[in-house]
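Quick caveat, the model's predicted, so the values are computed rather than measured. Here is the naming used below: chain letters follow the sequence lines, and residue numbers restart at 1 for every chain. Values below: every heavy atom of this structure, side chains too, minus hydrogens, waters and symmetry copies.
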Number of protein chains: 2
Amino acid sequence: MPSTELPQQMSARRIDRPVPLRERVYQAMQELIISRQLAPGQHLVESELAEMLGVSRQPIREALQLLNSEGWVDLRPGYGAFVHAPTDAEVDQLLVVRAALEAESARLAALNADTEGVKRLRKLCAEGEAAVAADDIDSMVAANAELHRCVTELSGNQVLLDFVSQVDRRVRWYYTPIARHRGITSWQEHARLIDAIEQGDAESAARIMREHTEHTRQSYLEQRSENPEPDVAPVQVRSRRRRTAPNL
Amino acid sequence: MPSTELPQQMSARRIDRPVPLRERVYQAMQELIISRQLAPGQHLVESELAEMLGVSRQPIREALQLLNSEGWVDLRPGYGAFVHAPTDAEVDQLLVVRAALEAESARLAALNADTEGVKRLRKLCAEGEAAVAADDIDSMVAANAELHRCVTELSGNQVLLDFVSQVDRRVRWYYTPIARHRGITSWQEHARLIDAIEQGDAESAARIMREHTEHTRQSYLEQRSENPEPDVAPVQVRSRRRRTAPNL
DNA sequence: ACCTCGACTTCTGCATACAGAATACTGTAT
DNA sequence: ATACAGTATTCTGTATGCAGAAGTCGAGGT
């Protein structure tokens, strides 16, 4: 059975307030879902998750609420929690929503960004290109995510950032393999996007971002038809191991 | 102290499954927040809410999680739950996000809608115009909400519908008074929008919707500067009344 | 062999209990 | 009168217990 330790600390808090268990459980479960150790459609039994993570059912329940509200698990009242199994149609729809939100981000970024912000974008873009040149896929993916996030931050719209982040996490769940698929063209588009933002050309920025995201969606659809499902061995949740000690 | 009964039943369920307390608590609290009986910034003490609604703290906590994830309350770990107090900037940002999402809805609706759907739109539009003519503000507001929802439904994108609904509830919290402000022009815009959808003119539909939502935002800003805060007497949550019986 | 009915098991939903942290209060000293 | 320290109280976070509903399995009948 894989050891499923909860993360010790996530990010620096204002005060040395101990991070609530529910949040660590949330983080841990989200990662288990992303990594497919908790498989789509799998029934999540509270007592077994509690045992697995070494906590009581209460924080598990609260984490499940959160995961449910963000679309990671489905909660059927009186029946239980299940890892959400996205259909192809749903992923596609999610990508459409992301396209709309990111296009708006780009539009606002073009109106808002200062030279400082453009400099950050250029830097990230350079990092990404370097990663592509070095064939370092992981760095490329990371730079890509950061670049997109940076554009949304430069929009100056915090609410928009929240929504995009939420969509992004869900999309990335299915999306990660795509990145390996299309690297170089993507970064050319990024450069054009930054040019538009620098020139304050809101409409062009929005259009480029939309096309960019649309390309990503096309890649998803192609890649999807090629290899249907990754298939990772899921965690055996139904283990009857005695509760040892809080894995915290 | 106002009686704060939880709703007996919300909507028809598939099976005769009893609606979980947490959901009824969620509904009840959302309404209390919308009606300003729970005032922005107010500290929500779990035990007092539990007492008030006649349930234990557990369903309260779960409802608070949900309300938090949708932006109704802020949860400060180790400190408590507070009714979210939106700043003007945040409401404005929310309206921007809604504009983007609704414009996308209109675009997709133009591509997707069948004659059946257009018929529904025309009907709702007629209802709204009738309400305007009859000076029936409440019906007008209702028809407006339904019309917008219908457009999003016709987009055929369920994920989009979920997001728009979520944004919409939050916006409406602040937005309701606006409707009284601008009625007639709004409905002329609706008619033009439906025309564009009927003709399958996606770009026009998106543009009209964007302008439409932008007008609403302008109205909000104006109306906001006129009367800053409605001010409703908040529920006295700190009452020490003995717990009577489950208000269910 | 298949369907049906019924007891058993499992799991969720809710309530209660307890410990530690945070806040408010009170009394004292300056 | 004000600042400070120490105590008391309140509230959150977590654990545990219990009842009822849902699901499962097996025996008996067709």
I need the [atom1]-[atom2] distance between [X] and [N], as an integer number of Å.
X     : N      : atom1 : atom2 : value
B:L53 : C:dA15 : CG    : C1'   : 15 Å
A:R22 : D:dA15 : CZ    : P     : 13 Å
A:F82 : D:dA22 : CZ    : C1'   : 11 Å
A:E46 : D:dA15 : CD    : P     : 14 Å
A:L49 : C:dC11 : CG    : P     : 11 Å
B:L75 : C:dA22 : CG    : P     : 16 Å

Which nucleotide, [options], lies nearest any side-chain atom of [X]?
X     : options                : answer
A:L21 : D:dC11, D:dT14, C:dA15 : D:dT14
A:V55 : D:dC11, D:dG13, D:dA15 : D:dA15
A:Y79 : D:dG23, C:dT16, D:dT14 : D:dG23

Answer yes or no: is there a donor N or O on one side and an acceptor on the other, between the side chain of [X] and the main chain of [Y], under 3.5 Å?
X      : Y      : value
B:N112 : B:S155 : yes
A:Q166 : A:F163 : no
B:Q93  : A:Q158 : yes

| field | Short side-chain N/O contact to D:dT12 OP1/OP2 from B:H43, under 4.0 Å | value |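 Checking B:H43 against D:dT12: at least one side-chain N or O falls below 4.0 Å of OP1 or OP2.
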| message | Quick check on contacts: within residues 57-69 of chain A, what sits under 4.0 Å from DNA chain C by heavy-atom distance? | response |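 Result for residues 57-69 of chain A: A:R57, A:R61, sorted by number.
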| message | Checking side-chain polar atoms at under 3.5 Å, does A:S56 have a donor or acceptor matched by the opposite partner on A:Q58? | response |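 Per modelled atom types, A:S56 and A:Q58 side chains form no pair under 3.5 Å.
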| With no hydrogens and no angle check, do the side chains of A:Y26 and A:E70 hold a donor and an acceptor under 3.5 Å apart? |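 Yes - a donor-acceptor pair under 3.5 Å links their side chains.
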| field | Ion pair A:E146/A:K123, N-O distance below 4.0 Å | value |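 No, this pair does not count.
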